[in-house]
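Working notes, beginning with the structure itself.
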Amino acid sequence: MSITVLALAKSFAAERLSADEFSNSYMELWKFERDSNLLQKDEDNLNECLSSIFCLADLYNPDADREEYELDKGQLRTKVIEVIEKFML
């Protein structure tokens, strides 16, 4: 089970990590677990949650000239919280 990946997202949601720290770390950890086939061992609900958060982390752009579809740090945190709350009920 991907407890570490979920814990990282929850730490970001609780403001213990910056958006830059979270985005880079989350994407690397998620890719490692995916490539190691660890994510396939998760329940579908958790897997969907973690995959959705990966997509959000990938959309994060700290630069002011970000595209309309990209997320700033506040938007990223809000969306991650929404995903955690949706899937972890």
Considering non-hydrogen atoms only, spot the tightest contact between [X] and [Y] and give its length.
| X | Y | value |
| --- | --- | --- |
| Glu15 | Arg77 | CA-NH1, 3.4 Å |
| Ile84 | Ala13 | CD1-CB, 4.3 Å |
| Val83 | Ser52 | CG1-CB, 4.0 Å |

Rounded to the nearest 0.5 Å, how far apart are [atom1] of [X] and [atom2] of [Y]?
| X | Y | atom1 | atom2 | result |
| --- | --- | --- | --- | --- |
| Leu17 | Phe22 | CG | CZ | 8.0 Å |
| Asp42 | Ser51 | CG | OG | 9.0 Å |
| Ile81 | Lys86 | CD1 | NZ | 16.0 Å |
| Glu21 | Ser11 | CD | OG | 10.5 Å |
| Ser23 | Leu59 | OG | CG | 9.5 Å |

My understanding is that only residues two or more places apart in sequence, or in another chain, count here; which of them pass side-chain contact (heavy atoms from CB on, under 4.5 Å) with [X]?
| X | answer |
| --- | --- |
| Ala19 | Phe12, Tyr60, Lys73, Leu76 |
| Glu67 | Tyr69, Glu70 |
| Asp72 | Arg66, Gln75 |
| Asp63 | Asn61, Asp65 |

Using only atom types and a distance under 3.5 Å, with no angle test, would you say the side chain of Ser2 pairs donor to acceptor with the backbone of Val5?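 A pair under 3.5 Å: no.
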Main-chain N/O of Asp20 paired to Asn24 side chain as donor or acceptor, under 3.5 Å: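 Yes, Asn24 side chain to Asp20 backbone: donor-acceptor pair under 3.5 Å.
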Just wondering, do [Y] and [X] contact through their side chains at under 4.5 Å, heavy atoms?
| X | Y | answer |
| --- | --- | --- |
| Phe87 | Leu50 | no |
| Leu46 | Leu39 | no |
| Ser36 | Glu33 | no |

Is there a path of hydrophobic side-chain contacts, each under 4.5 Å between heavy atoms, that joins Met27 and Leu29?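 They do share one cluster, since a chain of ILVMFWY contacts under 4.5 Å joins Met27 to Leu29.
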Determine which pairs satisfy ring-ring contact (aromatic ring centres under 6.0 Å, His included) with at least one residue from residues 37-57, sequence neighbours left out, and list them in order.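 Sorted result for residues 37-57: Trp30-Phe54.
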Output all residues satisfying side-chain hydrogen bond (donor to acceptor under 3.5 Å, both in side chains) with [X], sequence neighbours left out; order by chain, then residue number.
| X | answer |
| --- | --- |
| Glu48 | none |
| Thr78 | none |
| Glu28 | none |

Does Asp35 have more than 12 heavy atoms from other residues, nucleotides or ligands lying within 6.0 Å of its CG?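 Buried by this count: over 12 neighbours within 6.0 Å.
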